[in-house]
Amino acid sequence: MIISNRQARLAAKYLRTSDPRGRERAEQPSPADDELVERLRRELTELPETREDRVRRGRALLDMMPSAADVARKILSRIVSDSLR
């Protein structure tokens, strides 16, 4: 994920100024804001584009998927069963 300096500044501003009741606080930006933005940007750029653990889990789930023939057999069985009721 690529995040621009502007996006990082806006996120930092939101976190600094947002109030749980929806009002904005009247705080002035501090010199630490630029340092915080740069630190956030560095942290975010170090994150991987994909999470390998989730990719592995997704692949494992795909391996457990039933075949098209199994799905068709279940659908037809359900239709027959429902028609007998």
Side-chain angles (χ1 to χ4, degrees):
M1 169 170 51
I2 299 172
I3 184 168
S4 70
N5 288 340
R6 181 176 179 275
Q7 290 170 316
R9 271 193 199 86
L10 288 173
K13 178 183 176 187
Y14 172 78
L15 291 172
R16 186 185 69 250
T17 61
S18 65
D19 184 293
R21 293 176 295 273
R23 295 177 281 179
E24 288 198 10
R25 298 180 198 154
E27 291 182 19
Q28 296 299 321
S30 69
D33 286 344
D34 287 335
E35 181 182 322
L36 175 63
V37 167
E38 186 57 32
R39 187 170 148 212
L40 285 170
R41 195 172 80 61
R42 274 195 315 269
E43 291 291 326
L44 289 172
T45 57
E46 291 176 9
L47 291 174
E49 288 292 321
T50 58
R51 289 186 44 193
E52 292 300 321
D53 59 324
R54 297 193 77 179
V55 171
R56 280 192 302 274
R57 180 162 168 26
R59 286 185 178 145
L61 289 172
L62 285 174
D63 289 340
M64 297 180 341
M65 299 259 318
S67 69
D70 290 338
V71 173
R73 195 173 4 265
K74 290 290 184 179
I75 291 172
L76 291 173
S77 297
R78 179 51 116 180
I79 291 171
V80 170
S81 173
D82 288 348
S83 69
L84 295 175
R85 288 184 190 187

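All residue numbers refer to positions in the sequence shown, counting from 1. We use all heavy atoms of the structure for the numbers below, so side chains are in, but hydrogens, waters and symmetry mates are not.
- Here side-chain hydrogen bond (donor to acceptor under 3.5 Å, both in side chains) pairs that include residues 53-62, with residues two or more places apart or in two chains, are Arg51-Asp53.
- Looking at Thr50 and Glu52, their side chains come closer than 4.5 Å, going by heavy atoms from C-beta outward.
- Under a hydrophobic clustering in which Ile, Leu, Val, Met, Phe, Trp and Tyr are joined whenever their side-chain heavy atoms come within less than 4.5 Å, directly or via other members, Val71 and Ile79 fall into the same cluster.
- Side chain of Ser81 to main chain of Ser77: no donor-acceptor pair is present (N/O by atom type, distance under 3.5 Å, no hydrogens or angles).
- The CD atom of Glu35 sits 10.5 Å away from the CG atom of Leu40 when rounded to the nearest 0.5 Å.
- Atom-to-atom distance recorded for Gln7:CD and Leu44:CG is 10.0 Å, nearest 0.5 angstrom.
- No hydrogens or angles considered: nothing links the side chains of Thr45 and Glu43 as a donor-acceptor pair under 3.5 Å.
- Ala60 meets the side chain to side chain contact (heavy atoms under 4.5 Å, CB included) test with no other residue; sequence neighbours excluded.
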